[in-house]
Amino acid sequence: MWSLLLFVIIGLFGSEISVDALNCTIRPKGNPKFPKNFKFGVASSAFQIEGAWNADGKGLSVWEEFTHKYPDLIKDGSNADDSVESYRLFDSDLKILKDLGVDHYRFSIAWPRIFPTGSVHLRNQKGIDYYNDVIDKLLANGIEPIVTMFHWEMPVELQKFGGFSNSLIIEQFLDYAEELFKLFGDRVKTWLTINEPKELCKAGYGNGRSPPSIVAPGVGDYLCFTNVLKAHGATYRMYREKFYEKQRGRIGLPCNVNYLYSKANNTDEVAKAMDFEFGLMAHPVYSKTGDFPPTVLKDVEKNSLAEGRKRSRLPRLGKYWTSVIKGSSDFLALNYYTALQIEPLAGQVNADPLFDDKDSSFVTSMFENCPRAASVWLYFVPQGLEDLLKYIRDKFDNIEVKITENGWSDAGGRDDYMRIEYHKNHMQAILNAINDGCNVTSYGPWSLMDSFEFTMGYTEKFGFYAVNMTSPNKERTPKKSAEYYKKINYEKDLYV
Ligand code: NOJ
């Protein structure tokens, strides 16, 4: 309620466009209609919605292990064992997808559901049948499946060998991806490889807040980045070599990016900080030269040597891998939620031993003048999306961008007007960017329905549909935002 009020006040009185006094709402610029071929969809992920954690021969992932072992680390002590039961209730999901009128549905495949130990020599046919059914039903209803291969469900058996901290994962992932192409590639034409490398690597292998809970900031996260990039690059090359001719699909790496604004309005600061925020994932894939950004390579090496180490904590990709990874995506898949402000770290002491921005040498802060969602990290800053899209246009040769996530959390309830404002403003940001020459072709917000929000359990809700968690059939009901988004899908026009 308070944030809505604040939002209305800001909407009425805020007018500056400058970055240091960033206005929270966005102003329309140019053509108010989306291009005819622009696609609208919606997103989810397997672990967050499927439930059936051990049904029909499914193996375990690190997230099941983590939630079972450490319920105290989940805000409401819950887990995703049943969640909203999409494994059993996919037909209910299909119904709301149809109701919403989306062009595409982004969902993920749980690796251990189809290969219980991760290794492809042991397959679980029932898991395969489930995803075949999902894909077939989507297509029969005119909804394109966009499939994420890995949304953080590392099979426990592979984590035993270090997961993304061991280069062994590259061939394991490659085998898995090859099977996915064989099993589903006749019908799936848009693939996303590894969801949000930055979140996966920082939380899993840097500050250790998520499984596999490895605490090694500035070492484990970099190791993870290199293996993620190699697994992604190798998958792309393998697809091109073995499958593309027949299947004609496209592949992207879904990157999570906060747009960064310098408190001092200093463009050099932004350029450097964005190299750490985004370049670590994107520069090796989308830049003309490939490899990590030169500033990142230089600064991490400098810091590592100053620490008395023999070499950089950021492993070099080397000539071979640099060329495999360079250009290994057909589009840039972008997950955008919010923007941050940065200022130089110089002179400031950061006592947090898990502080993982040492190398970038910036400290970040939130746009606290803008409304905040239920998630502590999520502020309402749509201008950041417009500016990020322009950054991509200029930095990465105007590559095609698909927005694969964007969403607003609240504590629940169907009168979710802030969610409507959030999506409306972010779609406006996209439209402004398109009107300014950016090559954005689709919008796939998070999320279809309320689901398990990892360490936040069920306390933060992102869905267009609410789920009745106490009823046996977990009915899905549209919120006000579903009614709004539905109109957008039918009209392709923001002002309906
Ligand atoms: C990013 C992740 O991909 C998704 O799984 C998560 O629920 C949302 N962000 C919201 O935090």
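Ligands are counted one by one from 1 in listed order, and the atoms in each one are counted from 1 as well.
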With no hydrogens and no angle check, do the side chains of D93 and S86 hold a donor and an acceptor under 3.5 Å apart? yes
Yes or no on side chain to side chain contact (heavy atoms under 4.5 Å, CB included) for V147 and F107, after CA distance, side-chain angles and deciding distance? CA-CA 5 Å; V147 178; F107 63 95; 3.6 Å; yes
Side-chain contact test, heavy atoms from C-beta onward, threshold under 4.5 Å: evaluate it for Y458 versus D450 and give yes or no. no
List in chain and number order the residues that pass side chain to side chain donor-acceptor pair (under 3.5 Å) with R88, two or more places apart in sequence or in another chain; answer none if no residue qualifies. E85, N473
Would you tabulate the polar-atom pairs, meaning N/O of ligand 1 against N/O of the protein, with distances under 3.5 Å, reported to 0.1 Å?
| from | atom 1 | to | atom 2 | distance (Å) |
| --- | --- | --- | --- | --- |
| ligand 1 | 3 (O) | H151 | NE2 | 3.1 |
| ligand 1 | 3 (O) | N195 | ND2 | 2.9 |
| ligand 1 | 3 (O) | E405 | OE1 | 3.2 |
| ligand 1 | 3 (O) | E405 | OE2 | 2.6 |
| ligand 1 | 5 (O) | Q48 | OE1 | 2.7 |
| ligand 1 | 5 (O) | H151 | NE2 | 2.8 |
| ligand 1 | 7 (O) | Q48 | NE2 | 2.9 |
| ligand 1 | 7 (O) | W446 | NE1 | 3.2 |
| ligand 1 | 7 (O) | E453 | OE1 | 2.7 |
| ligand 1 | 9 (N) | Y337 | OH | 3.3 |
| ligand 1 | 9 (N) | E405 | OE1 | 3.2 |
| ligand 1 | 11 (O) | E453 | OE2 | 2.5 |

Do S409 and S375 have side-chain atoms, one donor and one acceptor, less than 3.5 Å apart? yes
Going by heavy atoms in the side chains, are S442 and H104 under 4.5 Å from each other? yes
